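First up is the structure itself, then whatever we jot down about it.
The shown structure was predicted, so the numbers you read here are calculated from the model rather than taken from an experiment.
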Amino acid sequence: MRRTFTLLCKGCGRRIVEAERIGEEEEATAAAHVAACFGLARIPPRLEVLLAYVDVRVD
């Protein structure tokens with residue numbers, strides 16, 4: 001059974017990423033969205049940093 005990880009933005013509620021694995025590409029996508037949504041100049045594309053701005057759902 002495969003699991004899907006979904007990152008939801010805490011700022012706007014949008015689904016940012018939906019993937020079977022959260023890798024560098026997914027982290028970069030989420031970081032870009034979070035920076036734009038929260039008006040940040042830049043945010044490191046690391047999941048441990050993103051957790052303050054996203055909710056993670058496992059399906």
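In this structure, the separation between CZ on Phe5 and CD on Glu18 is 12.0 Å, given to the nearest 0.5 Å.
Cluster annotation: Leu8 and Val58 are assigned to distinct hydrophobic clusters (Ile/Leu/Val/Met/Phe/Trp/Tyr, side-chain heavy-atom contacts under 4.5 Å, transitive).
Here Glu24 pairs with nothing under the side-chain hydrogen bond (donor to acceptor under 3.5 Å, both in side chains) rule; sequence neighbours left out.
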Donor-acceptor pairs under 3.5 angstrom involving side-chain atoms of residues 28-56: please list them, not counting sequence neighbours.
| residue | atom | partner | partner atom | Å |
| --- | --- | --- | --- | --- |
| Thr29 | OG1 | Glu25 | O | 3.0 |
| Arg46 | NE | Glu48 | OE2 | 3.1 |

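Residue Ile22 comes nearest to Glu26 through the heavy atom pair C-OE1, 3.9 Å, listed as atom of the first residue, atom of the second, then distance.
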